[in-house]
Amino acid sequence: MTTPATATTPSSTTPVLPDAQTVTAVTHWTDRLFSFRVTRPASLRFRSGEFVMIGLMGDNGKPLLRAYSIASPSWDDELEFYSIKVQDGPLTSKLQHIKVGDQIILRPKPVGTLVHDALLPGKRLWLFSTGTGIAPFASLIRDPQTYTDYDQIILTHTCREVGELTYGRELVEQVKNDELMAELVGAENLAKLVYYPTTTRETSPKMGRITDLMTNGTVFKDLGIEGMSPETDRGMVCGSLAFNKDIMAIMESFGLREGANSEPREYVVEKAFVGEGV
Ligand code: FAD
Ligand code: A2P
């Protein structure tokens with residue numbers, strides 16, 4: 001390990017990074033996905049669903065930073081992130097090797113549109129995600145406000161393979177069985193959370209793109225819902241650009257309109273990553 005960013009426990013001889021936080025846990029879910037937790041700056045306040053810039057010190061001595069959704073809830077003492085491993089990615093080719101005790105850089109300026117404030121009040125909240133797009137929703141399903149504001153919360157997660165669903169599936173199980181969450185929102189309210197995972201390239205109990213399953217009515221039939229309505233339904237979307245566009249078109253066809261922090265409406269969208277050529 002040559003850079004300060006990958007040094008282990010900080011000591012008086014270890015150069016301290018600007019905005020450095022210490023890694024407290026790392027879990028590898030697949031060869032392309034991992035999550036990790038870091039210490040939280042005492043002054044950092046954020047709204048569930050927001051993202052921050054995090055990274056490592058580059059070989060040129062300059063910080064190499066990327067946008068990351070905070071996956072942990074705002075009441076957590078630590079911060080959690082859920083990450084892709086891009087083998088030739090400038091940041092994640094290195095970040096995937098972090099270990100407990102290493103340091104990462106975190107710029108404590110949270111921003112984003114996947115927040116409760118950007119939606120008008122409603123009864124049913126849809127959280128639509130693909131891949132690492134589940135990260136902001138990992139925060140939101142651990143936020144007590146989600147359960148007090150809505151009668152039902154439907155988290156959809158579409159991935160190519162079954163293994164890519166594990167982080168989300170374990171998280172939902174954990175939330176539903178978490179004593180602190182039950183204390184915060186009431187055990188009966190945790191039953192409001194409905195998890196709807198689908199895969200597209202490996203066999204699982206529910207196959208297909210969520211967009212197709214909405215268009216052909218399968219999702220609504222499965223959940224016993226008529227469809228979406230601008231009076232009752234609210235949506236948050238986080239996936240690839242193509243996914244976001246397709247889900248937006250479906251919600252618009254039901255009469256929902258895109259909102260923003262400055263103008264709350266029926267749904268909000270954020271890219272899970274910026275693809276090539278976008
Ligand atoms: P980059 O040079 O940034 O990316 C190389 C290529 O890899 C991209 O062109 C794209 O095709 C692909 N890619 C990048 N990120 C992803 C991804 N997450 N899933 C699938 N393909 C990807 N990434 C996360 O892993 N977790 C997050 O919570 C997260 N939140 C984000 C929030 C926002 C608002 C944005 C804009 C991006 C977010 N990203 C997230 C993507 C992240 O910023 C980086 O792109 C990613 O960490 C890869 O960095 P890199 O330097 O290794 O490769
Ligand atoms: P598919 O396997 O049919 O492409 P990716 O890994 O390419 O980011 O995709 C993650 C998941 O999102 C995959 O299951 C993929 O399905 C699905 N997906 C990709 N694009 C769309 C889209 N435009 N609408 C719905 N689902 C999509």
Side-chain angles (χ1 to χ4, degrees), residues 28-38 46 48-56 58-59 62-72 79-98 104-107 109-115 128-140 156-165 167-168 171 196-204 206-216 218-219 236-251 268-278:
H28 291 272
W29 299 95
T30 72
D31 58 353
R32 290 186 67 237
L33 293 165
F34 71 115
S35 61
F36 57 97
R37 292 174 68 84
V38 302
F46 67 96
S48 302
E50 288 188 315
F51 66 90
V52 285
M53 303 300 292
I54 65 169
L56 297 171
D59 295 334
K62 289 186 184 160
L64 175 56
L65 301 172
R66 292 285 185 266
Y68 267 81
S69 297
I70 302 174
S72 47
L79 298 173
E80 181 175 312
F81 298 98
Y82 181 51
S83 180
I84 191 81
K85 305 175 194 177
V86 182
Q87 289 319 325
D88 56 355
L91 178 64
T92 57
S93 58
K94 295 195 176 83
L95 191 68
Q96 64 182 283
H97 301 296
I98 53 166
I104 67 151
I105 305 166
L106 183 142
R107 293 273 188 262
K109 291 192 181 64
V111 287
T113 54
L114 301 178
V115 292
F128 295 109
S129 63
T130 62
T132 59
I134 196 173
F137 305 145
S139 176
L140 279 152
T156 85
H157 193 201
T158 299
C159 293
R160 294 182 183 199
E161 293 165 13
V162 175
E164 297 170 302
L165 295 171
Y167 171 79
L171 182 71
Y196 197 90
T198 83
T199 56
T200 51
R201 304 198 191 185
E202 191 182 2
T203 307
S204 73
K206 190 55 69 178
M207 298 281 303
R209 290 180 166 197
I210 191 71
T211 43
D212 294 337
L213 297 171
M214 290 174 84
T215 310
N216 67 21
T218 306
V219 177
M236 293 193 183
V237 186
C238 192
S240 64
L241 185 65
F243 171 75
N244 289 2
K245 276 187 178 166
D246 289 353
I247 286 278
M248 284 165 75
I250 293 172
M251 286 194 290
V268 280
V269 181
E270 204 143 73
K271 284 196 283 283
F273 60 92
V274 181
E276 276 141 27
V278 178

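Not measured: the values here are computed from a predicted model. Start at 1 and go down the list; that is how both ligands and their atoms are numbered.
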Close-contact set for ligand 1 against [X] heavy atoms, below 4.0 Å:
X	answer
V274	8 (C), 9 (O), 10 (C), 36 (C)
S83	25 (O)
P90	2 (O), 50 (P), 51 (O), 52 (O), 53 (O)
A135	28 (O)

*asked:* Minimum distance, heavy atoms only, to atom 13 (C) of ligand 2: which one of T200, T130, L213, I247 is it?
replied: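 The residue whose heavy atom sits nearest atom 13 (C) of ligand 2 is T200.
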*Between I54, L91, L65, flag the one that comes closest to atom 51 (O) of ligand 1 by a heavy atom.*
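Checking each option, the heavy atom nearest atom 51 (O) of ligand 1 is found in L91.
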*asked:* Give me the nearest non-hydrogen protein atom to atom 22 (C) of ligand 2 as residue plus atom name, then the distance to 0.1 Å.
replied: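 Atom 22 (C) of ligand 2 sits closest to the protein heavy atom R209 NH1, 3.3 Å.
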*Which heavy atom of the protein is the closest neighbour of atom 25 (C) of ligand 2, given with residue, atom name and distance?*
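Protein heavy atom with the smallest distance to atom 25 (C) of ligand 2: T211 OG1, 3.1 Å.
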*CE/M236 to CD/E270 distance, rounded to the nearest 0.5 angstrom?*
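Rounded to the nearest 0.5 Å, the CE-CD separation comes to 10.0 Å.
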Could you tell me whether the side chain of [X] and the main chain of [Y] form a donor-acceptor pair under 3.5 Å?
X	Y	value
S69	A71	no
T113	V269	yes
K94	G55	no
S139	S48	no
H157	G131	yes
T198	G208	yes
S129	T156	yes

*Say whether G275 and ligand 1 are in contact under the criterion: heavy-atom distance to a ligand atom below 4.0 Å.*
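Checking ligand 1 against G275, which is what was asked, there is a heavy-atom contact under 4.0 Å.
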*What do you reckon, does F81 put a non-hydrogen atom under 4.0 Å from ligand 1?*
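Under 4.0 Å: no for F81.
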Ligand 1 N/O within reach of [X] N/O, cut-off under 3.5 Å:
X	answer
E270	no
I84	yes
F273	no
A272	yes
R32	no
T92	yes
A67	yes
S69	yes

*Determine whether any heavy atom of G131 lies closer than 4.0 Å to an atom of ligand 2.*
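Contact check G131 vs ligand 2: negative.
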So do [Y] and [X] actually touch side chain to side chain, heavy atoms under 4.5 Å?
X	Y	value
F34	I98	yes
V237	F243	yes
L79	Y68	no

*Around atom CZ of R37, are there more than 12 heavy atoms of other residues, nucleotides or ligands at under 6.0 Å?*
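It does: R37 CZ has more than 12 such atoms within range.
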_Atoms in ligand 2 flagged as close to A242, the criterion being non-hydrogen separation under 4.0 Å_ =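 So the answer, numbered in order with elements, is 23 (N).
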*Numbering as shown, the atoms of ligand 2 that approach T158 to under 4.0 Å (heavy-atom distance)*: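 Answer for ligand 2: 11 (C), 14 (O).
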*For K109 and V52, work out which heavy atoms get closest and say how close.*
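Heavy atoms only, the tightest pair is C-CG1, 4.2 Å.
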*Could you check whether the rings of Y167 and Y82 sit parallel, tilted or perpendicular, using 30° and 60° as the cut-offs?*
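Plane angle under 30°, so parallel.
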_Heavy-atom pairs closer than 4.0 Å: do any link ligand 2 to the side chain of R160, the backbone, both, or neither?_
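Both of them.
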*asked:* Heavy-atom pairs closer than 4.0 Å: do any link ligand 1 to the side chain of F51, the backbone, both, or neither?
replied: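 Answer for F51: side chain.
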*Could you tell me whether D246 and ligand 2 have an N or O pair separated by under 3.5 Å?*
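Looking only at distances, the answer is yes, because the N/O contact criterion of under 3.5 Å is met.
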